Amino acid sequence: MAKILMKGNEAVAEAAIRSGCRLYFAYPITPQSELIEYMARMMPKVDGTFIQAESEIAAINMVYGAAGCGKRVMTSSSSPGISLKMEGISYIAGAELPCVIINVQRGGPGLGDIQPAQGDYFQATKGGGHGDYRLIVLAPSSVQEFADMAADAFDLADKYRNPVMILADGMLGQMMEPVEFRPAKSDEEVAEMWKQHKSWCINPNEDGDKKHHHEINSLEIDPLVLEKHVNNLSKKYAEIKKNEIRYEKYELSDDNEILCVAWGTASRVVKSAINELKKEGKSIGLVRPINVWPFPYDEIAKAIGPKVKKIYVFELNTGQMVDDVKIAAAGKVPVEFWGKVGGVVFTPAEIKEKLEAALKE
Amino acid sequence: MAKILMKGNEAVAEAAIRSGCRLYFAYPITPQSELIEYMARMMPKVDGTFIQAESEIAAINMVYGAAGCGKRVMTSSSSPGISLKMEGISYIAGAELPCVIINVQRGGPGLGDIQPAQGDYFQATKGGGHGDYRLIVLAPSSVQEFADMAADAFDLADKYRNPVMILADGMLGQMMEPVEFRPAKSDEEVAEMWKQHKSWCINPNEDGDKKHHHEINSLEIDPLVLEKHVNNLSKKYAEIKKNEIRYEKYELSDDNEILCVAWGTASRVVKSAINELKKEGKSIGLVRPINVWPFPYDEIAKAIGPKVKKIYVFELNTGQMVDDVKIAAAGKVPVEFWGKVGGVVFTPAEIKEKLEAALKE
Amino acid sequence: MEIIATRPESLTQTPFTYCPGCLHGVAHRLIAEAIDEHGLINKMAGVAPVGCSVFAYKFFNMDMAEAAHGRAPAVATGIKRARPDMHVFTYQGDGDLAAIGTAEIVHAANRGEHISVFFVNNAIYGMTGGQMAPTTLPDMKTTTSPYGRNTDDIGFPIRVCELLATLIAPYYIERVSLLSPADILKAKKAVNKAIQYNKEGRGFTFVEFISTCPTNWGMDPIKSRDWAKENMLPFFKTGCYRDKGKGVE
Amino acid sequence: MEIIATRPESLTQTPFTYCPGCLHGVAHRLIAEAIDEHGLINKMAGVAPVGCSVFAYKFFNMDMAEAAHGRAPAVATGIKRARPDMHVFTYQGDGDLAAIGTAEIVHAANRGEHISVFFVNNAIYGMTGGQMAPTTLPDMKTTTSPYGRNTDDIGFPIRVCELLATLIAPYYIERVSLLSPADILKAKKAVNKAIQYNKEGRGFTFVEFISTCPTNWGMDPIKSRDWAKENMLPFFKTGCYRDKGKGVE
Amino acid sequence: MSRITVDPNYCKGCGLCIAACPKKIIRFSENINAKGYHYAEGFEQEKCIACKMCYVTCPDVAITVEK
Amino acid sequence: MSRITVDPNYCKGCGLCIAACPKKIIRFSENINAKGYHYAEGFEQEKCIACKMCYVTCPDVAITVEK
Amino acid sequence: MTTEMICAGFGGQGVLTIGKFIAQASMKEGKNVSWLPSYGPEMRGGTANVSTVVSDEAIASPIVSFPDILVALNQPSIDKFAPMIRPGGILIYNTSMCPNGCKREDITQISAPMSDIANEIGNPMVLNMLAIGVIIGKTALIKYETIADDLTSYMKAKNPELLELNLKAIKRGIEIGKS
Amino acid sequence: MTTEMICAGFGGQGVLTIGKFIAQASMKEGKNVSWLPSYGPEMRGGTANVSTVVSDEAIASPIVSFPDILVALNQPSIDKFAPMIRPGGILIYNTSMCPNGCKREDITQISAPMSDIANEIGNPMVLNMLAIGVIIGKTALIKYETIADDLTSYMKAKNPELLELNLKAIKRGIEIGKS
Ligand SMILES: Cc1ncc(C[n+]2csc(CCOP(=O)(O)OP(=O)(O)O)c2C)c(N)n1
Ligand SMILES: Cc1ncc(C[n+]2csc(CCOP(=O)(O)OP(=O)(O)O)c2C)c(N)n1
Ligand code: SF4
Ligand code: SF4
Ligand code: SF4
Ligand code: SF4
Ligand code: SF4
Ligand code: SF4
Ligand SMILES: [Mg+2]
Ligand SMILES: [Mg+2]
């Protein structure tokens with residue numbers, strides 16, 4: 001397939017459809033509305049379901065229902081709308097339902113603005129909803145990756161029976177870049193896919209089995225039973241931590257004087273600054289967590305080269321992932337943070353300046 | 001005043017009224033319903049407002065309106081209901097409105113159960129809502145402290161124009177202990193209190209000032225303006241971090257072989273185990289964060305005595321505050337975690353066993 | 001001798017967790033019978049609410065989902081859209097449906113979602129210990145209206161059938177009572193009609209049951225029925241508010 | 001010469017951010033005039049929604065709160081309960097009020113909350129770029145109903161006045177149009193009545209404006225008015241649905 | 001000839017069937033079940049007219065009617 | 001004697017006042033304002049009957065009517 | 001010293017009140033106390049229970065896993081909680097509702113047909129006061145006077161007759177406890 | 001090499017399309033590209049703008065703060081963005097809508113009454129194609145053939161007449177750019 005120039009919001013929608021998503025429920029919000037509009041146009045063409053829900057809350061609960069049928073289902077929103085889904089997400093995680101949730105982040109808190117930001121890292125990775133649960137969280141940094149992650153997200157969701165979030169931002173949603181799609185699943189493949197969940201999901205009792213009774217549920221009124229359930233969830237999360245760490249190494253070497261850590265959109269800008277400094281003979285490495293949960297703690301620790309005197313974390317927020325980096329660094333080298341907020345995206349020049357100052361220290 | 005034997009849910013409600021809270025909006029949920037029921041009975045007696053909102057979302061938005069008038073206002077719920085308030089809380093933080101929110105935590109995720117748990121630590125302290133904001137979070141460990149914190153919470157909320165959360169749990173809500181109340185504010189004091197907010201809050205334009213125009217708002221569509229606003233919030237949070245660290249030292253000494261960190265209900269059980277071990281000649285200290293945000297990072301670091309070979313964190317969750325403790329420890333000593341989940345509360349015997357094993361290592 | 005009445009197949013063997021004399025059980029049985037009678041047991045999925053009937057997912061003998069408080073119609077929408085070959089119902093209380101779930105029921109009804117909604121109105125929050133519901137009667141005392149529901153301050157009970165009947169899409173809306181054997185027999189007809197229309201793919205069907213809560217009303221089961229007859233029925237008029245199959249619009 | 005018509009005091013000097021010919025501005029002016037005329041400028045507080053009128057907090061010359069999407073009636077409740085000595089109104093679009101905010105408007109109305117709600121129905125989500133609203137007409141194309149609103153699939157527009165009129169507490173409910181100068185003059189009377197009742201502490205008052213969205217409808221301001229007259233008015237009948245002051249129940 | 005059987009595992013002794021029976025041939029048993037309820041039982045079953053009113057009223061679906 | 005004034009800072013050139021004026025004495029100016037709109041202006045003001053229809057229709061409250 | 005107690009029975013038997021009065025009296029006598037009920041839908045129709053802790057020291061955890069004293073007003077309560085009584089602890093139970101009793105021999109058992117005695121005294125509602133009396137008689141955990149004062153200040157005006165019945169029940173309980 | 005461009009103008013002038021065609025053609029010519037529009041309510045009635053980056057390397061940030069090329073179709077766009085053009089950069093503007101022009105002397109300025117020329121060509125809608133032509137003529141950032149192919153495959157069937165007008169406009173623009 002040739003590359004197509006496409007908006008991130010549309011590319012991820014297209015990729016989701018190609019991966020077998022035939023159910024999508026959402027509520028409009030800037031800067032993700034092209035995603036819902038793309039689905040509105042395209043779902044009827046693939047005999048899929050698009051419903052504009054009455055609210056983000058209704059949307060996530062429609063997802064709960066459809067995911068309870070083992071079908072590939074997705075919702076999307078942007079920061080304030082994602083906050084409204086917190087109860088629903090906790091339910092979905094508790095009931096172990098596979099689904100994909102996209103957050104095209106914007107500036108906050110509150111109504112904030114509609115420009116790109118990374119202020120929802122904590123919410124996505126630490127559980128903005130109540131109780132002990134985890135989302136698998138993928139953080140794209142280009143339109144191509146955004147699209148690829150749609151496919152990955154559905155596979156991960158099915159594999160672990162766990163909700164997966166793609167944590168993008170307004171820039172990735174609104175920008176166009178060339179994108180190449182993976183081959184689309186055939187109608188037959190799509191029709192068959194849910195069967196991997198047949199043993200637990202809602203489905204017609206075709207052979208009239210008297211014992212056919214599946215419960216989609218997160219309630220266990222007996223604390224000892226709930227304890228067991230939560231412990232099982234923990235085991236699953238441990239498994240995910242073992243298998244699903246994904247990160248990019250950029251210019252890592254034993255010469256690195258500084259190690260940068262950045263994710264998503266922010267990482268692009270940091271790379272740019274690193275390139276500039278490289279031209280000036282400075283060695284700076286970058287670890288970019290691709291999955292921000294599970295988080296590459298050990299991998300970051302290992303990336304601290306012998307000459308590294310500082311880890312520098314750059315985010316489009318007031319400092320969130322930096323906490324995880326501090327845990328990873330475990331006091332080996334100091335961890336510094338710098339960020340921009342409110343929907344303002346830092347420039348390569350600004351990052352370069354920060355790094356230069358740090359090099360001089 | 002003599003001590004009264006009272007449920008935590010009722011004691012905190014009574015304390016709130018005494019501190020001048022005359023507006024309370026909430027929706028029933030176990031295990032916090034006695035709180036709303038107490039308010040239903042008592043608010044009419046002090047000419048206050050109690051409204052059973054149509055949902056937790058409506059309740060938090062009623063709080064937004066009343067707090068926008070500078071009045072002392074409160075809401076309460078338990079875990080799933082608190083998740084529904086996330087958008088509203090982010091708005092309140094963004095608009096810098098003073099108010100008090102109580103979370104009487106129960107087991108999660110999802111509908112979970114109704115027994116005590118501490119699974120909402122991340123949500124409360126890292127911002128379960130979107131964007132960069134912080135709540136001041138107070139974590140009581142007894143009915144007396146729960147009640148005292150109501151008064152403290154209102155004062156902090158007013159001082160910093162920031163929402164304050166009291167992060168309790170089903171045990172503290174349901175249990176009775178003796179409680180002594182601080183003197184009640186007089187009707188006149190209550191009537192006057194809002195005036196500290198007169199310069200920004202909604203209030204009648206008594207002197208017909210043509211420029212009287214206050215905006216209760218979290219929207220700044222221009223990212224540069226929002227950036228400034230969020231940076232101002234950060235400055236405020238830095239100020240809070242400087243002033244409002246609160247923690248309890250228990251049996252800390254240079255002899256400590258293990259340092260425990262625990263909060264809220266969990267800390268009571270840990271104390272009990274420490275006492276038992278003390279009788280056996282073992283020295284184990286405890287730091288109990290009283291305010292879990294801001295978090296006593298430095299204080300915990302300082303509490304690591306010369307003989308401490310491990311920090312042990314006990315929580316009624318799968319490990320949340322332990323992340324903050326790791327940041328505090330910064331690799332100086334290993335940090336271990338053990339917890340119980342699903343509404344099961346660990347016993348002193350279980351904690352003792354864990355500590356004994358650790359002492360032997 | 002032949003069995004002429006016994007537990008329907010569409011109920012599991014699990015005993016209900018309701019208080020003695022609580023009419024939730026009657027509503028359950030009527031729904032289960034209708035499913036049996038229309039031969040839908042293997043193609044039906046149900047959605048339980050949060051409320052005393054939260055455990056309905058254990059009581060109905062088919063695939064069931066337990067929804068978040070108030071969101072059953074949205075969950076049912078998700079199921080029905082994912083599985084158009086199945087039939088879907090929700091079961092909800094008055095706090096669940098008429099308070100926190102107001103938006104979800106209005107919009108599912110307005111979309112004409114092809115589901116059946118069974119709504120048990122007992123004028124109170126049973127599960128959480130007797131707080132006021134949107135359907136709590138004027139002056140009625142509950143734990144959150146301890147001095148009686150003050151209509152000057154917080155208004156009147158919501159009549160859900162009347163409200164939903166302002167929408168165009170719903171196919172069938174009826175209010176029935178469970179307060180006497182005769183009423184239950186009438187209620188059975190309404191439930192059967194809802195399930196029949198559901199089977200036929202007609203659209204959104206809705207049955208409201210006037211019920212009781214002996215425990216939180218503080219009355220024995222028989223007295224609570226009488227109280228409901230005297231106090232609820234005059235306000236919540238039973239009858240058919242919409243039946244497109246019969247031209248009642 | 002004497003000024004007989006000019007910007008009311010209850011509007012700030014800030015120019016509206018609406019598109020040319022967007023009737024949000026007319027609704028703003030009517031409300032501001034009514035506040036002026038009833039001398040309430042110093043005792044009034046307003047609540048802006050999320051929607052094109054999100055910046056209403058900048059346009060009304062009094063204390064204003066900007067509410068989360070759909071929650072204006074809850075915010076107004078908080079304000080009115082905290083400041084019973086003030087008068088409170090909300091201003092909301094059809095996405096805000098009739099979609100995400102369904103529960104909040106129904107319950108504020110049902111409580112008979114002493115506020116005035118001004119509801120601008122333009123059959124679309126203006127702010128976010130023309131998505132379908134609950135009030136979008138059958139077969140109408142929007143960015144999320146690109147093939148026209150399919151009533152078989154997602155039902156019909158919600159008529160909010162009719163729906164709220166099933167509740168007992170609301171004191172005054174009227175639907176007006178802004179589609180011609182004559183209609184605007186009628187609308188002015190309704191707005192004035194709402195504000196007057198509000199001033200007198202009568203209870204919940206509600207005015208729905210049939211309006212336009214030239215930008216997202218893709219029509220010029222004049223054509224969009226004509227389109228609305230032809231298509232919206234037959235469905236959304238103007239008139240008084242409740243006026244307890246005049247015995248219209 | 002008709003008769004009813006009450007399953008004590010389901011019956012909670014609410015008494016609604018007793019009130020419903022036109023023949024007044026249901027009463028509380030002297031025994032209690034596992035949950036502590038005096039469950040219902042039929043007596044003088046020859047009078048039973050199989051009207052099913054007991055079944056119809058029973059909220060715990062504890063009654064089987066045979067004919 | 002009456003007249004109208006259109007404030008170019010508010011006017012967005014929507015033309016609704018032009019359509020509303022019974023006397024047809026409002027038109028678009030040849031000039032544009034800061035936002036790039038050809039704003040409205042009155043002409044032949046002696047014909048103005050101060051009916052206020054222009055004011056009533058104007059969504060941007062840009063018109064003042066004097067009499 | 002710390003005394004941990006569980007009181008359990010059917011919903012209507014007033015077991016929560018037993019714990020509350022004990023806790024309240026202990027508090028008045030200068031002790032630290034805590035009272036933690038079972039709560040939620042499990043109570044509905046089923047059994048209720050409450051953990052009460054009385055101590056000279058600060059109370060670490062209000063949850064009682066291994067009670068020193070169990071008051072069981074019905075059989076299911078014995079079945080559920082009696083196995084957890086600390087060796088050497090006390091089981092007080094109501095033979096009227098506990099046909100099977102308890103087989104443990106490493107604890108002290110005191111039993112009486114308390115429901116019947118309550119009816120004898122004149123009101124089945126005084127069952128819980130009777131149980132309080134038994135606790136006092138057996139353990140001297142609190143003083144009769146403290147609880148009598150409490151009850152008096154609380155009920156004298158409202159219902160002097162019931163007060164008399166209650167005090168009578170406590171005294172009768174004390175006798176049983178001492179015997 | 002990396003070229004960063006901003007195109008700006010009133011909402012209806014098709015500036016987003018300028019960026020899109022440039023990005024698309026560059027992509028076809030094997031470059032890395034990105035296209036980032038301004039979005040949200042600020043667009044309403046006001047001005048629109050788009051940042052386009054074309055590069056041989058991976059594109060770090062699609063945000064253009066200091067453009068190499070600015071295409072300004074109205075005066076507010078010059079006022080807002082011209083100060084940010086890199087010294088030595090290029091400003092292309094539409095004198096029909098930019099009465100005040102730009103005072104900077106450290107950049108190359110190319111201007112023409114583009115709205116008038118578009119009208120001349122026969123359709124005001126071809127304004128943006130004209131601008132594309134100017135870019136090609138001045139910078140050789142992309143080839144005429146690439147964009148002509150693009151347009152042809154896209155419009156030939158649907159609207160051959162408009163295609164002709166568009167190609168004409170591009171050619172005319174190239175002339176202007178070269179002159
Ligand atoms: C989000 C959320 N809010 C509140 C609750 C607590 N809650 C559980 S059931 C219930 C009310 C149930 O009342 P109703 O729907 O009338 O059902 P009933 O018990 O009367 O049958 C409430 C408020 C909850 N579980 N989740
Ligand atoms: C929680 C949340 N969801 C969605 C949005 C995005 N949003 C902003 S305005 C709007 C719709 C506005 O439509 P309407 O209420 O009809 O007002 P109009 O713009 O048409 O006047 C939406 C969906 C938001 N800001 N917050
Ligand atoms: S509390 Fe009320 S509604 Fe719930 S089971 Fe008991 S009687 Fe029924
Ligand atoms: S988008 Fe529509 S509703 Fe919004 S300001 Fe423009 S014309 Fe008015
Ligand atoms: S079937 Fe009729 S007659 Fe027989 S026991 Fe039941 S109610 Fe009585
Ligand atoms: S109606 Fe059912 S539950 Fe009630 S007493 Fe009769 S058999 Fe038992
Ligand atoms: S007042 Fe009337 S006549 Fe005068 S300009 Fe306005 S519309 Fe025309
Ligand atoms: S109606 Fe108002 S905004 Fe429109 S052209 Fe006339 S003066 Fe200008
Ligand atoms: Mg109910
Ligand atoms: Mg609208």
Side-chain angles (χ1 to χ4, degrees), chain A residues 57 79-80 82-84 86-87 90-95 105 107-115 117 119-120 122-123 126-133 217-231 233-234 317-318 320 323-324 326-327 329-332 340-344, chain B residues 57 79-80 82-84 86-87 90-95 105 107-115 117 119-120 122-123 126-133 217-231 233-234 317-318 320 323-324 326-327 329-332 340-344:
Chain A
I57 292 182
S79 308
I82 296 287
S83 286
L84 286 171
M86 284 302 129
E87 188 203 25
S90 179
Y91 268 72
I92 288 173
Q105 293 167 95
L111 194 47
D113 66 13
I114 55 177
Q115 303 305 317
D120 306 347
F122 275 148
Q123 186 190 56
K126 312 285 174 203
H130 60 285
D132 283 287
Y133 71 87
N217 174 42
S218 67
L219 166 69
E220 294 300 348
I221 204 68
D222 178 344
L224 293 173
V225 180
L226 183 61
E227 181 186 34
K228 216 166 137 187
H229 172 60
V230 178
N231 284 336
L233 287 179
S234 290
N317 58 38
T318 61
Q320 300 195 7
D323 274 10
D324 282 322
K326 280 184 188 162
I327 293 171
K332 279 187 212 112
K340 281 258 177 178
V341 293
V344 182
Chain B
I57 293 182
S79 308
I82 295 289
S83 285
L84 286 171
M86 283 302 128
E87 189 203 26
S90 179
Y91 268 72
I92 288 173
Q105 292 168 96
L111 193 47
D113 66 12
I114 55 176
Q115 303 305 317
D120 306 347
F122 275 149
Q123 185 190 57
K126 312 285 175 200
H130 60 285
D132 284 285
Y133 72 86
N217 175 41
S218 66
L219 167 69
E220 293 300 348
I221 203 68
D222 179 344
L224 294 172
V225 180
L226 184 61
E227 182 185 33
K228 216 166 137 185
H229 172 60
V230 177
N231 284 335
L233 287 179
S234 290
N317 58 37
T318 62
Q320 300 196 7
D323 274 11
D324 282 322
K326 281 183 187 163
I327 293 171
K332 277 187 214 112
K340 280 258 178 178
V341 293
V344 182

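FYI, side chains are in, hydrogens and waters are out, and symmetry mates aren't considered; it's all heavy atoms of this structure. A quick note: this is a predicted structure, and the numbers were derived from the prediction, not measured. Lettering of chains follows the sequences in order, A, B, ..., and the numbering in each one begins at 1.
Judged by distance alone, the side chain of B:S83 and the main-chain N or O of A:H130 form a donor-acceptor pair under 3.5 Å.
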| task | Please lay out, stage by stage, how B:D323 and A:K126 fare under the test salt bridge (charged side-chain N to carboxylate O under 4.0 Å, His left out). | result | CA-CA 10 Å; B:D323 274 11; A:K126 312 285 174 203; 3.7 Å; yes
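A donor atom on one side chain and an acceptor atom on the other are found under 3.5 Å apart for A:Q320 and B:D132.
With a threshold of 4.5 angstrom between heavy atoms, A:I92 does not approach chain B through any atom at all. If you measure heavy-atom distances from A:Q105 to chain B, you find no contacts under 4.5 Å at all. With a threshold of 4.5 angstrom between heavy atoms, A:I82 does not approach chain B through any atom at all. For A:S234, the part sitting under 4.5 Å from any heavy atom of chain B is the side chain, from C-beta outward, and nothing else.
Checked against salt bridge (Lys or Arg N to Asp or Glu O under 4.0 Å), B:K326 has no partners two or more places apart in sequence or in another chain. Listed by chain and number, the residues in a side-chain hydrogen bond (donor to acceptor under 3.5 Å, both in side chains) with B:E87 amount to none (sequence neighbours excluded).
The greatest number of non-hydrogen atom pairs below 4.5 Å with chain A, out of B:G128, B:G131, B:G343, B:P80, is found for B:P80. Interface summary for chain B: among A:V225, A:D120, A:L219, the most heavy-atom pairs under 4.5 angstrom belong to A:L219. The candidate from B:E227, B:M86, B:K340, B:K228 with the greatest count of non-hydrogen atom pairs under 4.5 Å with chain A is B:E227. Heavy-atom pairs under 4.5 Å with chain B peak, among A:G110, A:G342, A:A329, at A:G110. When B:N217, B:D324, B:V230 are compared by the number of non-hydrogen pairs under 4.5 Å with chain A, B:V230 comes out ahead. Chain B forms the most heavy-atom pairs under 4.5 Å with one residue out of A:L224, A:D222, A:N317, A:N231, and that residue is A:N317. Between chain A and the options B:S218, B:G331, B:G107, the largest number of non-hydrogen pairs under 4.5 Å is found for B:S218. With respect to chain B, the highest number of heavy-atom pairs below 4.5 Å among A:G94, A:A93, A:P109, A:G119 belongs to A:P109. Between chain A and the residues B:A95, B:G108, B:A330, B:A117, the most heavy-atom pairs under 4.5 angstrom are made by B:A330.
A:Y91 contributes atom OH, which lies 3.5 Å from atom CG of B:L111 (distance to the nearest 0.5 angstrom). Atom CG of residue A:D113 and atom NE2 of residue B:H229 lie 11.0 Å apart, to the nearest 0.5 angstrom.
For the pair B:I57/A:I57, a side-chain contact is recorded, criterion being any heavy-atom separation below 4.5 Å from C-beta on.
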